[in-house]
Number of protein chains: 2
Amino acid sequence: MTYTTGAAEDYLKTIYSHTEWQGDLITPSALALRLGVAPSSVTEMVKKLATSGLITHVPYGPLALTDAGRLRATAVVRRHRLIETWLVGEMGYDWDQVHDEAEVLEHSISDRLLEAINARLGFPTHDPHGDPIPAADGTVLRPPASLLTDATVGQSGTVLRISDRDPAVLRELAADLIGPGTEFTLTAPFTIALADGQSRLISVAAAASIWVTAPD
Amino acid sequence: MTYTTGAAEDYLKTIYSHTEWQGDLITPSALALRLGVAPSSVTEMVKKLATSGLITHVPYGPLALTDAGRLRATAVVRRHRLIETWLVGEMGYDWDQVHDEAEVLEHSISDRLLEAINARLGFPTHDPHGDPIPAADGTVLRPPASLLTDATVGQSGTVLRISDRDPAVLRELAADLIGPGTEFTLTAPFTIALADGQSRLISVAAAASIWVTAPD
DNA sequence: CATCCGTTTTAGTCATACCGAAATCCTAGC
DNA sequence: GCTAGGATTTCGGTATGACTAAAACGGATG
Ligand SMILES: [Mn+2]
Ligand SMILES: [Mn+2]
Ligand SMILES: [Mn+2]
Ligand SMILES: [Mn+2]
C-alpha cells in the first residue's frame, strides 16, 4: 500500500523525468534501458506501483503517473535538487560532484531536514544545473526549452539547464564558464559566441546536454 | 566479505556502545534485548560479523570487536554524533530531536560530506549530549565518568554527558538548563545545587541518564 | 550430577529486487 | 486481412538480508 522503497522512488523519478523535458509518456522498454534493468523487472515493479495507485498502466501500453504518483515523484526530485543545491551552495561541492550523493540522500533525508535546508538556502527555485526545484505541492515552473543540438545557426538565447547525467560534460562546461543563465548566439554547429564576444567550441556530447530558451 | 549493511552497522555500534561507558563485554542476550530482536537473530548476525572479521566470538561466550570491527563501529558512532551536532548547530534542531534523523543518515552519508560537515562545525570534539566524537582513526577521548545515581550526597562535579536514549529526559533537563558542562553539588537523592546557588529536583529517570565527573 | 538459563541450530517466513526463457500481444507492412 | 517481429508479460527461478519459534545443546551452579 504505502510502498516507498528507494527502488520504487527511482522508478517514479525516472518515469517523471522522462516526461519533464521529452514530453511523451515512457514505455516499459525505455524505462528498463534508462534504469539498466531487464524488461521483466520493469513489469514487476510496474505492477506494484499500479497496485499502490502511483501509476496507471494498460497492459502493453506506456506508463503514466497518477496524481499521487506525480506528487511522490516530484517530492523525490525536489529532494534530489535541493540536496544538490545545498551541496554546491554550502558544502563546497562542484556541480559535477553532487549527483551520486544526492542519489542516495534523496531516499533517506526527512521532510523536516529538507525544509531546514530549503530555508537556509533561501528557498531556491533552481538547482546548480538549472533544473527547477518542484514546490512541496508538486508544482514545477518550467519554461519552454530546446536542445542546443536542435538550434539553428544564428539563433540567440540563454542557457536554461545542463543535463547532469555526464560529469565530464559538466566539467567541460565549467571550464568554459558556461552554465544556466549564460547568453549566447550559435555561430556554427557547435560554436557559440558569448555576450562578451568570446567564442566557445562545444563538444557534441556537451551540446546534447545543453537546453536553451526556445527560439521565438 | 565487505559486509556493511545498515543493520550490521547497528549491531557493531551497539556492541561498541555497550563497552563505551559500561566497560564489560556484551553478551548475545543483552545485545538481543538492546536491539529488540530474538536471540537467534543475534546468533545469525554474529556469525556474519565474525566471518567478516569484525568481531571475535567463542561459542557461548560474549562478543568482542576486532580492531577492524572497532574501527567500523567508531566510524558509525562518529557519523551519528557529527550529524547530531550538525543538526543542533546549524539546522535548528533541539537536542531531543536529533537522534532518529542521525540514526538513518549515519548509514547513508558519504565520507566526503561527513568531513565537509565536520569542517564547517570547526571539528567539534563532543556531540550535543556530551558524547565524545571519535576521530577518523577511531581514537576516542573519554574521561572517567559515573552515573549521578551512583553519586554520594555532598559530591560535587560537572555533568559530562546525558544519555540521548530518552527524549523526555532531554526535554526535562533542557527546561532545567542542565547539560554537559553544568557544575553541581548533589544535596540529596536527587537534588542538585547549581553554581549560581539554585537548586534542581531531578527525576530518577533523568538521574539515571546523567553521567558526571568521577569522584576523586 | 542434575538443572536451568543462555546460546545455538534448525527449519522455516517474509520482503525486496533481480533475471532468462517462453508465451503472448500488438501493429506495421505486406 | 494476415503475419512477422518487436515489445511486453508471464513464469519459474536466484540472491540477499533480516527476522522468527521451537528444539537441541553446553556449561556453570547449587
Ligand atoms: Mn542530479
Ligand atoms: Mn541536478
Ligand atoms: Mn543519538
Ligand atoms: Mn548523541
Side-chain angles (χ1 to χ4, degrees), chain A residues 1-15 18-19 22 24-65 69 72-73 76 100 103-104 106-108, chain B residues 1-15 18-19 22 24-65 69 72-73 76 100 103-104 106-108:
Chain A
M1 183 112 282
T2 351
Y3 177 69
T4 326
T5 62
E9 290 188 340
D10 284 335
Y11 275 80
L12 289 174
K13 199 175 48 154
T14 305
I15 295 168
H18 185 82
T19 66
Q22 265 94 93
D24 54 333
L25 297 177
I26 196 169
T27 61
S29 53
L31 184 52
L33 204 67
R34 189 79 111 60
L35 290 169
V37 299
S40 51
S41 303
V42 169
T43 304
E44 189 167 301
M45 182 63 86
V46 159
K47 242 181 279 179
K48 291 182 195 167
L49 295 175
T51 301
S52 304
L54 297 170
I55 64 175
T56 57
H57 177 233
V58 292
Y60 296 96
L63 311 174
L65 295 169
R72 192 93 112 242
V76 180
D100 293 349
E103 205 56 47
V104 175
E106 68 188 3
H107 305 301
S108 45
Chain B
M1 185 111 285
T2 352
Y3 176 68
T4 326
T5 62
E9 288 188 341
D10 284 336
Y11 275 80
L12 289 174
K13 199 175 48 154
T14 305
I15 295 169
H18 186 84
T19 66
Q22 266 94 92
D24 54 332
L25 297 177
I26 195 168
T27 61
S29 53
L31 185 52
L33 205 67
R34 189 79 110 61
L35 290 170
V37 299
S40 51
S41 304
V42 169
T43 303
E44 189 168 299
M45 182 63 87
V46 158
K47 242 181 279 178
K48 291 183 194 167
L49 295 174
T51 300
S52 304
L54 296 170
I55 65 174
T56 56
H57 176 234
V58 293
Y60 296 94
L63 311 174
L65 294 169
R72 192 92 112 243
V76 180
D100 293 350
E103 204 57 46
V104 175
E106 69 189 4
H107 305 299
S108 46

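All values derive from a computational prediction rather than experimental measurement. All chains are named by letter (A, B, ...) in the order of the sequence lines, taking the proteins before the strands, and each is independently numbered beginning at 1.
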Seminar exercise, completed: A/Y60 OH to D/dT9 P, in whole Å, measures 7 Å
For this session: May I have the distance from A/L31 (atom CG) to C/dA17 (atom C1'), rounded to whole angstrom?
Result: 14 Å
Exercise. How close or far is atom C1' of D/dC19 from atom OH of B/Y11, stated in whole angstroms?
Worked result: 8 Å
Exercise. How long is the span from the NZ atom in B/K48 to the CD1 atom in B/I55, to the nearest 0.5 Å?
Worked result: 12.0 Å
Exercise. Just how far, in rounded Å, is P of D/dA15 from NZ of B/K48?
Worked result: 15 Å
Exercise. Residues from residues 33-46 of chain B sitting under 4.0 Å of DNA chain D, heavy atoms only?
Worked result: B/V37, B/A38, B/S40, B/S41, B/E44, B/M45
For this session: First locate atom CZ of A/R34, then atom CG of A/D10, and finally report the distance between them rounded to the nearest 0.5 Å.
Result: 11.5 Å
Exercise. Pick the nucleotide of DNA chain D nearest each of A/S29 and B/T5; which residue has the one closer to the 5' end?
Worked result: A/S29
For this session: Supply the atom-to-atom distance A/T43 OG1 to A/Y60 OH, rounded to the nearest 0.5 angstrom.
Result: 9.0 Å
Exercise. About how many Å separate OH of A/Y11 and CE of A/M45, when rounded to the nearest 0.5 Å?
Worked result: 5.0 Å
For this session: To the nearest 0.5 angstrom, please state how far the CG atom of B/D24 sits from the NE2 atom of B/H18.
Result: 4.0 Å
For this session: Determine, stepwise, if the pair B/V76 / B/L12 fulfils side-chain contact (heavy atoms from CB on, under 4.5 Å).
Result: CA-CA 9 Å; B/V76 180; B/L12 289 174; 6.0 Å; no
Seminar exercise, completed: In whole angstroms, the gap separating P of D/dG17 from CD of B/E9 amounts to 13 Å
Problem set entry | Separation of atom CG in A/L63 from atom P in D/dA7, rounded to whole Å | 15 Å
Exercise. Expressed in angstrom and rounded to an integer, what is the separation of A/H107 atom NE2 from C/dA17 atom P?
Worked result: 11 Å
Problem set entry | Atom-pair distance (CD1 on B/I26; P on C/dG6), nearest Å | 14 Å
For this session: May I ask you to evaluate whether A/H57 reaches the phosphate of D/dT9, defined as a side-chain N or O under 4.0 Å from OP1 or OP2?
Result: yes
